[in-house]
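Numbers restart at 1 for each chain; the letters A, B, ... are given by sequence-line order, proteins then strands.
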2 protein chains.
Amino acid sequence: MTDVDTALHTDAARPSRREQILRAAAQLFAERGSRAVGVDDVGAAVGVTGPAIYRHFASKDAMLAEMLLRISERLLAGGVERVAAAGDDPLAQLRTLIAFQVDFALDNPALITVHDRDLGSLPDGDAAQVRRLQRRYVEVWVGVLGRLHPSADDATSRARAHAVFGLINSTPHSAGRLPRAQMAGLLAAMAEAAATS
Amino acid sequence: MTDVDTALHTDAARPSRREQILRAAAQLFAERGSRAVGVDDVGAAVGVTGPAIYRHFASKDAMLAEMLLRISERLLAGGVERVAAAGDDPLAQLRTLIAFQVDFALDNPALITVHDRDLGSLPDGDAAQVRRLQRRYVEVWVGVLGRLHPSADDATSRARAHAVFGLINSTPHSAGRLPRAQMAGLLAAMAEAAATS
DNA sequence: CCGGGACGTGAACCGTCGTTAACATCCCGC
DNA sequence: GCGGGATGTTAACGACGGTTCACGTCCCGG
């Protein structure tokens, strides 16, 4: 299909418009919150007027939806892949999961912020889909944490997982103040200590 | 001053209106985000029409401002007080800080959520004041963490503090699934492990 | 008992913002 | 080189939401 061709061309090859828009929007949404950012602001950020956006997205909500869906999919896919590649040792799996999440959080503090702040301003359908993906990602962690703490029930493992997410996803609050490598090491060490405690 | 008298009377004695409104607003803001909540919604939540709110608050922003200021002040005051009461041992200080923050996070998940999601939708002046209070609270933690890790610089301690906040403040994401005492124990243990790692 | 302040109400005002419409422009393939 | 699709622009529409207004009611102190 020419559809797919075009899509591949525009989406991947050149980082063109649509992608620029998504990136700029992510930045703005993270800074001010999606509801506080106007279509005109997003347009201006890529050197275009507001309504021009509707050539690339059906609506503002659709923009936010695609953004959140991508993040959730990336996290889930990455998590599954890392765990699978880590062999059978739960501790090794935990370490690779932590490293993965830390990298993501350091590379995309803006996405982290938007991800859990603006989920609520999403149309019900999309919100549900994002939540499904999030839940599956959490379950990956729950599995690993469960094997690491055989006596703990799933509810405890889930709470532990959320706590570790909170720890690692603190990057938007403490960003840039520390060299990346140092920050990565610190977060990884803290996360592992917390997860195995 | 009659001012103070009245304030004390209305604010403390009876949990009347103004207070009801603040509580209801906190709940709604936490669920949907302050910008997605209309004045009418807040009014309806306390059995009153929208405009009635302007008998108690100068504006919607003023409501949010008072909410965030109170939280920040409560945290700072509580933190300072606990540390002072804990003697000289940095580990004892850390433990009491953690217990304090865990209690707060478990008692007020809604406030936690609003606190760092809606700070951005605050008039510049109020936002700055809230940030000042936050900073001072963080500094309390930084002091303790610094004494606990003598070789670490302040930037590291600050990052550590934010990470621990993220860990403990994960309560809105994993609320209610675990009995409170169990959740408190889990979070405290994880936080201590992370902070001392 | 009566005058005023606290508290509410419904209606109207007005700015903001997402979205659409009508109209250009540019460029690529036939 | 010509027609059409992709991409933008400006202007306008319509809804929503914060805020104000004019008007009631209730109650309490002199």
Neighbour count above 12 (heavy atom, 6.0 Å) for A:Arg136 CZ: no
B:Phe165 side chain near A:His173 side chain, heavy-atom distance below 4.5 Å: no
Whether B:Phe104 and B:Phe100 hold their rings parallel, tilted or perpendicular, with breakpoints at 30° and 60°: tilted
Derivation and outcome, side-chain contact (heavy atoms from CB on, under 4.5 Å), residues A:Glu19 and A:Arg23: CA-CA 6 Å; A:Glu19 290 306 312; A:Arg23 261 194 277 281; 4.1 Å; yes
Atom-pair distance (CZ on A:Phe57; P on C:dG18), nearest Å: 15 Å
Phosphate contact (D:dG8 OP1 or OP2) by A:Thr49 side-chain N/O below 4.0 Å: no
Rounded interatomic separation in angstrom, taking OH from B:Tyr54 and P from D:dC21: 13 Å
Test: B:Arg18 cationic atom under 6.0 Å from B:Phe57 six-membered ring centre, within 45° of axis: yes
Integer-rounded Å distance: D:dG17 P and B:Arg32 CZ: 10 Å
Between D:dT19 (P) and B:Arg55 (CZ): distance, integer Å: 15 Å
Nearest-angstrom distance from the residue atom NZ of A:Lys60 to C1' of C:dT19: 12 Å
Residue whose nearest DNA chain C nucleotide is more 5′ - A:Ala58 or A:Asp41: A:Asp41
A:Met63 CE to C:dC17 C1', straight-line distance once rounded to whole Å: 14 Å
Side-chain N or O of A:Arg17 closer than 4.0 Å to phosphate OP1/OP2 of D:dG8: yes
B:His56 side chain near C:dG8 phosphate (N/O to OP1/OP2, under 4.0 Å): yes
Interatomic distance, A:Asp40 CG vs C:dT19 P [rounded to whole Å]: 12 Å
A:Ala52 side-chain proximity, nearest of D:dG8, D:dA11, C:dT9: D:dG8
Touch class at under 4.0 angstrom, heavy-atom based, for A:Val37 against every strand present: sugar-phosphate
Separation of C:dG18 C1' from A:Ile21 CD1 (nearest whole Å): 15 Å
